[in-house]
Amino acid sequence: GENVEQHPSTLSVQEGDSAVIKCTYSDSASNYFPWYKQELGKGPQLIIDIRSNVGEKKDQRIAVTLNKTAKHFSLHITETQPEDSAVYFCAASMGAGGTSYGKLTFGQGTILTVHP
Amino acid sequence: DAGVTQSPTHLIKTRGQQVTLRCSPKSGHDTVSWYQQALGQGPQFIFQYYEEEERQRGNFPDRFSGHQFPNYSSELNVNALLLGDSALYLCASSLLARDTQYFGPGTRLTVL
């Protein structure tokens, strides 16, 4: 089955700096890659996602890049703010039509701390 | 527009007991997936329901079972609780034809 590795496990930055979190996946059939932000005591919140027919996607201060050949994808947060502090998870799944469609496989998470 | 809701928020049980957790999907969604999140780890897929049928299942024992109702809401049942079942149980809803899953706030289960 799919395996997703996420690095680093913790990341500490100063307010205004950029933060980058990287994930690798094992199953070349995976074609959907969401990123979730989870605050203490809450469920994961979808912040951005990318599909395998796209190499990069941006939404204001957040961007995601995908390298299908190397099977890795990354989350980039620019101009970080203290409210960006949370646990971030990457995930991978097969798209519609795949045998495991709808099953998200998550990375281990990255604890991001943004210092004022 | 209400998002995904789950009940109860917290639950404390003892070993060997049974528990039922509930989930109402986001308005318009027809598919419900359940995940288990142990402390400090990423969510792990338990199973997914669509049209009141289990579509696929992760690596969880038969003690974990579920149900989906005609209004698309869902229940997760866990029998013969073990200490290791202590976790945050998350429900996610989606449309079958779409990838995107939206999570609820979760139910924190503690097994003593």
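Each chain gets a letter, A, B and so on, in the order the sequences are listed, and its residues count up from 1. These numbers come from the heavy atoms of this one structure, side chains and all, not from hydrogens, waters or symmetry mates.
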Peer 1: If you compare all heavy atoms of B/Asp85 against all heavy atoms of B/Val78, which two are closest, and at what distance to 0.1 Å?
Peer 2: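 Closest approach of B/Asp85 to B/Val78, heavy atoms only: OD2-CG1, 4.0 Å.
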Peer 1: Examine whether an atom of A/Pro34 lies under 4.5 Å from a heavy atom of chain B, and if so say whether it belongs to the side chain, the backbone or both; otherwise answer neither.
Peer 2: neither
Peer 1: Residue by residue, scan residues 101-112 of chain B and write down, ordered by number, those that have a heavy-atom distance under 4.5 Å to chain A; if none do, write 'none'.
Peer 2: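 So far as heavy atoms go, B/Gln101, B/Tyr102, B/Phe103, B/Gly104, B/Pro105 are the residues that approach chain A to under 4.5 Å.
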Peer 1: Return yes if some donor-acceptor pair links the side-chain N/O of A/Lys57 with the main-chain N/O of A/Val64 below 3.5 Å, else return no.
Peer 2: no
Peer 1: Quick one: what part of B/Gln44 sits under 4.5 Å from any heavy atom of chain A, side chain, backbone, both or neither?
Peer 2: neither
Peer 1: In terms of heavy-atom proximity below 4.5 Å to chain B, should A/Gln6 be classed as side chain, backbone, both, or neither?
Peer 2: neither
Peer 1: Heavy-atom distance under 4.5 Å to chain A: side chain of B/Tyr35, backbone, both or neither?
Peer 2: side chain
Peer 1: If you measure only the distance, is there a donor-acceptor pair under 3.5 Å linking the side chains of A/Glu5 and A/Gln108?
Peer 2: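 A donor-acceptor contact under 3.5 Å links the two side chains.
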Peer 1: Spell out, as yes or no, whether a donor-acceptor pair under 3.5 Å connects the side chain of A/Thr110 to the backbone of A/Pro8.
Peer 2: yes
Peer 1: Is it true that A/Ser12 and A/His115 share a donor-acceptor pair across their side chains at a distance under 3.5 Å?
Peer 2: yes
Peer 1: Heavy atoms only: give me the nearest A/Gly109-A/Val87 pair and the separation to one decimal.
Peer 2: CA-CG1, 4.3 Å
Peer 1: Please check if atom CZ in A/Arg61 has more than 12 non-hydrogen atoms from other residues, nucleotides or ligands closer than 6.0 Å.
Peer 2: yes
Peer 1: Between A/Glu2 (side chain) and A/Ser26 (backbone), is there a donor-acceptor pair under 3.5 Å?
Peer 2: yes
